[in-house]
Amino acid sequence: MKLKLFILFIVLTSCNDSSTNTMSKKDQNSSQIDRRVDSVLSLMTLSEKIGQMNQYNGFWEVTGPVPAEGDAAKKYDHLKKGLVGSMLNIKGVEEVRRVQKIAVEETRLGIPLIIGFDGIHGYKTISPIPLAEAASWDLETIRKSAEVSAAEMAASGINWTFAPMVDISRDARWGRVMEGAGEDPFLGSLIGIARIKGFQGDDLSATNTVAACAKHFAGYGFSESGRDYNTVDVGTSTLFNTIFPPFVAAKEAGVATFMNSFNELNGIPATGNAYLQRDILKGDWDYKGFVVSDWGSIGEMIPHGYAENGREAALKAILAGSDMDMESYLYIAELEKLVEENKVDISLIDDAVRRILKLKFELGLFDDPYKYCDLEREKAVVNSKENHDVVLDMAKKSIVLLKNEGQLLPLKKEGQKIALIGALASDKNSPLGSWRLAAADNSAISVLEGMQQYPGNELKYAKGADVTVGETAFISEVTINTDDKSGFQEAVNIAKKADKVVMVLGEIGFQTGEGRSVTSLDLPGVQQELLEAVFKVNPNIILVLNNGRPLTINWAAEHIPAIVEAWHLGSESGHAIAQVLYGDYNPSGKLPMSFPRSVGQIPLYYNHKNTGRPTIPAPNLVFWSHYGDEDNDPLYPFGYGLSYTQFEYSNLQIVDEFAEKGEITVKVDLQNSGSYDGKEVVQLYLHDLIATITRPVKELKGMEMVALAKGESKTVQFVLTEKELGFYDNNGQWRTEAGKFEVFVGGSSQTKYKIELEIKQQ
Ligand code: BGC
């Protein structure tokens, strides 16, 4: 073992000598790292190299005895032989130290492991689910929220997170919409960048940052009929203009890794898709990080019907550019033979291993494999008061006010009788959402607890009805309560005597997430009946929704005077909701995903095409693009959200300097004309009227969050360049075309406030 450490020491130190004046510090570091990587690589046997490409899930109670048989024993054995490059789902300083010690002290070369974890919306201090955070449109707060998650993970031994998920989706049936930023590639790109910056900071080797992972490359959010893992078949235009942009943005932001996806794309599973991984990602985009497979996705190419057996699956995955095998066990079983048989060129293995080792150097693991394993730091950082303050701020900003008729909100702080109804109102687990693998169960602040912070009113609580029956967990199917209404009467009784009723209804945290597709978006179980029963005795209802996806709430939208979209808001959920209900925070969120009127409208998205028959030609004629039984429009559109105050837009103007400076400035005046201070997300949409490829009726191309005191005004400016005006053609080439555009500005994607613009031939 001494010899091994000595060799590594030479590798690490012998590469520190070079310096050229012409190179930037970053370039110098990177070329130093490249040389160190090459030195390590030159010491490795083929099987050790393949070991670096192998990733295992946590394999036994790491603090317990060494496993003697089964899978766990195999993993342990591989770990000791240097045949594992990374592990996931090992967490906490003690557990991580224990596996890292095996890799560092018991293997021939002592190469440290990268430790990965799904810290997708927090580690122990849980942030709002990503879809909720996206509703804030507040990039700086989103960055800070990711920073908290990174700091807690890095303090707990972890140095790589499988986030952000930057999959665009237009289908609320797909449970994983909770994990993304919604339906729009422009917003999704900005949010992806904010999260990457939050996770990675500007120094991957710092002890409060982790490597990020842009996932799932590509097309996972377009699974047919919203069923998870299902087939994806999309055209070039959608691929380049909708699916790819957030991945391009992630690459540009320096994301350390990519994850491929479970789905096939146009007949080829993403994991074995050389067009995606080699031609586009590592070719056209010149991406230098590594690609990890999704869980078992190399092996899944067999049931996909793309590989006959494990050998062929491993072959197709490596040829296609998948660098690390998460939990398929196939690289470790097959790659060596494939190289020996000359089916896989060693250069492909070397390239993958280089990418993986490079990240290990960047994370500082070669300098100190235990740098993320400081018990004192873990105690100080995890669940700190400061972290809770950040996620509370994030939670408030994520809330969207959907309706507020008769100014029911904000609630008065004194002298009111308030009835609080719904199982979700007292639920301390559900607000933690889906990916809360490290959080303590029942550790969120419930709405009941949040509202109890306002003692000036008389607060009565009744559950009304459970949402689910029995135990709920990350991995198992939920059973919905469809018949137990025994709590209805108590709820009705307290509602009768109340001035106002707050009802918290929706989905539990485990109803969305991976494997959680549904065909109905109505309030689950008996909740709709409960809502109507309470409405009969007291219509002064404020409906607070807890959910991880858009729901169909037509009846509520028609009858209930106030509706607050409060998602699954994380550890501080109840505090955030109460502060919004009582007006201590004026809601400013805007929907990142359209709320359909019915499931039949899906896929439903604001940036759709016009079609050749967009409007009704004459009364009662059917031959236009519409439904006979439903509107085309969503119930609540993308970008929509109210405030306790009102905003007015005026004086929309264009300064066209495209010919001279290559840019166009759009100006608009915004006034807070209501009676509260507030924030508005000013949105700019473009419509390219005629192009060589038809363009959507509107595309978000600018956004700015503006805070205005009541009565205050501000002129807001946007600058449009070729980047905003252009699009990808069907060869994946970017182009900007002369012609007419409409420029829309307003507080939602349904804004009709517009001005025309003409780009002249240069
Ligand atoms: C998910 C990934 C996740 C991975 C590791 C997979 O099932 O699709 O998003 O990062 O598991 O937990």
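One is the number of the first residue; the rest follow in order along the sequence. Counting convention: from 1, in listed order, for ligands and their atoms alike.
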If we ignore angles and hydrogens, is there a donor and acceptor under 3.5 Å between the side chains of Gln277 and Asn260?
yes

Is Leu88 touching ligand 1 with its side chain, its backbone, both, or neither, if touching means heavy atoms under 4.0 Å apart?
side chain

For ligand 1, is there an N or O atom under 3.5 Å from any N or O atom of Asp118?
yes

Under 4.0 Å to a heavy atom of Phe262 - the qualifying atoms of ligand 1, by number
6 (C), 7 (O), 8 (O)

Ligand-residue contact atoms, ligand 1 with Phe162, heavy atoms, under 4.0 Å
10 (O)

Quick look: Met259 vs ligand 1, heavy-atom contacts under 4.0 Å, and the answer is side chain

How about NZ on Lys316, more than 12 heavy atoms from neighbouring residues, nucleotides or ligands closer than 6.0 Å, or not?
yes

Charged N-O contact under 4.0 Å between Asp118 and Arg436:
no

Classify the side-chain pair Ser434/Glu179 by whether it contains a donor and acceptor separated by less than 3.5 Å.
no

Check Arg176 against ligand 1 and report side chain, backbone, both or neither, counting heavy atoms closer than 4.0 Å.
side chain

Sub-3.5 Å donor-acceptor pair from the side chain of Ser136 to the main-chain atoms of Glu133, do we have one?
yes

Among all the protein's non-hydrogen atoms, which is closest to atom 2 (C) of ligand 1, and how far away is it?
Asp294 OD1, 3.2 Å

Answer yes when Lys81 and Asp77 have at least one side-chain N-carboxylate O distance shorter than 4.0 Å, and no when they do not.
yes

Of Glu179, His216, Glu327, the one whose closest heavy atom lies nearest atom 9 (O) of ligand 1 is His216

Within the structure, does Asn89 bring an N/O atom to less than 3.5 angstrom of an N/O atom in ligand 1?
no

Over 12 non-hydrogen atoms of neighbours within 6.0 angstrom of CZ in Arg278:
yes

Out of all atoms in ligand 1, which are within 4.0 Å of some heavy atom of Lys215? Include the element for each.
2 (C), 3 (C), 9 (O), 10 (O)

Is there a side-chain contact between Leu604 and Pro596 in this structure, where contact means two heavy atoms from C-beta onward sitting under 4.5 Å apart?
yes

Quick check: does Glu514 get an N/O under 3.5 Å from an N/O on ligand 1?
yes

